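Single-structure report; data block below.
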Protein chains: 2
Amino acid sequence: MSTTPMPGRPVRGSTTGRSLMAALDLFGRRWTLRIIWELGNEPLGFRLLQRRCDDMSSSVLRQRLTELQEARLAEVRSDGTYALTTLGHDARKSLDPVIEWSRRWAAALADAPPTTAENADDG
Amino acid sequence: MSTTPMPGRPVRGSTTGRSLMAALDLFGRRWTLRIIWELGNEPLGFRLLQRRCDDMSSSVLRQRLTELQEARLAEVRSDGTYALTTLGHDARKSLDPVIEWSRRWAAALADAPPTTAENADDG
DNA sequence: GACAGTGCTTCGGAATTCGAAGCACGCATC
DNA sequence: GATGCGTGCTTCGAATTCCGAAGCACTGTC
């Protein structure tokens with residue numbers, strides 16, 4: 001454990017350790033983006049957060065929460081719930097353009113549906 | 001195969017299929033963010049792209065490239081190199097704030113260095 | 001033909017994720 | 001004080017994903 005990507009130290013699969021690569025590595029882990037997003041809406045307890053994340057595995061959630069805490073993006077509040085730190089909220093806000101893009105993405109795919117094989121005509 | 005997250009269809013572990021969740025799932029796969037980033041700088045051939053991504057596994061690169069093509073973010077050009085589509089470049093641009101955030105992240109951690117697991121319990 | 005570089009595939013092993021179960025705890029109700 | 005419920009968190013076997021080295025077919029150069 002404790003392989004949390006951090007700026008300034010080597011990133012998984014890399015030796016550069018540039019902050020961007022560290023961020024890309026941190027965010028490129030399953031559920032991390034989603035957790036930040038859900039936590040950005042409101043502080044949540046462990047089990048409720050798990051439910052919000054499509055009932056993701058509790059073991060992985062625990063690991064992600066630890067990573068997020070080590071990376072100073074999340075913290076435990078006095079009432080026991082998890083919340084984003086100032087840095088965490090800042091990160092979540094940086095995700096806003098991605099959110100907007102996803103809408104354009106959906107619209108673009110709707111306009112020009114993929115003609116690939118596996119996507120048969122479903123009405 | 002073909003588990004590429006797409007807006008409008010169920011996302012891995014989910015049944016909502018909202019475009020945001022699809023995007024979060026797509027980006028939350030190892031190397032995906034990095035590939036988009038590298039391809040955003042310039043079109044690259046398979047092996048060169050692999051090198052740019054810290055010599056990531058070719059099998060995974062192949063899979064990511066397929067997913068990116070299915071998601072209409074990347075395409076193969078006439079000269080055989082891979083490049084981002086308009087949608088892909090749009091996505092990469094939406095990542096810019098994340099880049100900027102990663103710098104602030106590095107700066108914040110430098111100011112208040114992590115207490116590295118078992119720490120001196122300061123205040 | 002020998003050599004080098006390309007995109008891409010295969011495959012055994014390592015790492016990550018999953019999912020269900022369980023533990024210790026607090027808090028009501030009985 | 002026993003029962004039931006909900007919590008945060010842990011454990012662990014299995015499924016999935018990722019890794020990494022090797023190899024194939026093809027292209028171009030000498």
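For clarity, every value in this text was computed on a predicted model and none was experimentally measured. In what follows, chains are A, B, ... by sequence order, proteins preceding strands, each numbered from 1.
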Does the side chain of B:Cys53 come within less than 4.5 Å of B:Glu38's, by heavy atoms? yes
Are A:Leu49 and A:Leu65 packed together at the side-chain level, in the sense that at least one heavy-atom pair is separated by less than 4.5 angstrom? yes
Looking only at the side chain of A:Arg62 (C-beta and beyond, no hydrogens), which of the listed nucleotides D:dC9, C:dT16, C:dC8 gets closest? D:dC9
Looking only at the side chain of B:Tyr82 (C-beta and beyond, no hydrogens), which of the listed nucleotides C:dG7, D:dG8, D:dC18 gets closest? C:dG7
Would you mind checking if B:Glu67 and B:Arg64 are paired as a salt bridge, meaning a charged N to carboxylate O distance below 4.0 Å? yes
Can you measure [X] atom [atom1] to [N] atom [atom2] for me and round it to whole angstrom units?
X       : N      : atom1 : atom2 : value
A:Asp54 : C:dG19 : CG    : P     : 11 Å
B:Leu61 : C:dC8  : CG    : C1'   : 10 Å
A:Leu68 : D:dG8  : CG    : C1'   : 17 Å
A:Leu48 : D:dC9  : CG    : C1'   : 16 Å
B:Leu65 : C:dT9  : CG    : P     : 11 Å
A:Leu44 : D:dG6  : CG    : C1'   : 16 Å
A:Asp25 : C:dT16 : CG    : C1'   : 13 Å
B:Gln63 : C:dC11 : CD    : P     : 16 Å

Closest approach of A:Trp37 and A:Asp96, non-hydrogen atoms and distance? CZ3-OD1, 4.2 Å
Look at the side-chain N and O atoms of [X] and state whether any lies under 4.0 Å from the OP1 or OP2 oxygen of [N].
X       : N      : value
B:Arg29 : D:dT17 : no
B:Arg30 : C:dA15 : no
B:Trp31 : D:dT17 : no

Once rounded to the nearest 0.5 Å, what's the spacing between atom CZ of B:Arg34 and atom CG of B:Asp54? 4.0 Å
Would you check if there is a donor-acceptor pair between the side chains of A:Arg62 and A:Thr66 at a distance under 3.5 Å? yes
Report the residue from A:Thr32, A:Leu84, A:Thr4 that forms a side chain to side chain contact (heavy atoms under 4.5 Å, CB included) with A:Leu68. A:Thr32
Okay, side chain of A:Gln69, backbone of A:Ala74: is any donor-acceptor separation there less than 3.5 Å? no
Any sub-3.5 Å donor-acceptor pair from B:Trp105's side-chain atoms to A:Ala91's backbone N or O? no
Quick one: which protein N/O atoms are closer than 3.5 Å to N/O atoms of nucleotides 27-29 of chain D? Pair and distance per line, please.
none

Identify whether any heavy atom of A:Arg51 sits under 4.0 Å from a base atom; if not, whether one sits that close to sugar-phosphate; answer base, sugar-phosphate or nothing. sugar-phosphate
Shorter than 3.5 Å, N or O on both sides, protein versus nucleotides 20-24 of chain D: list them out with atom names.
from: D:dG20; atom 1: N7; to: B:Ser57; atom 2: OG; distance (Å): 2.8
from: D:dG20; atom 1: O6; to: B:Ser59; atom 2: OG; distance (Å): 2.8
from: D:dA21; atom 1: N6; to: B:Ser58; atom 2: OG; distance (Å): 3.4

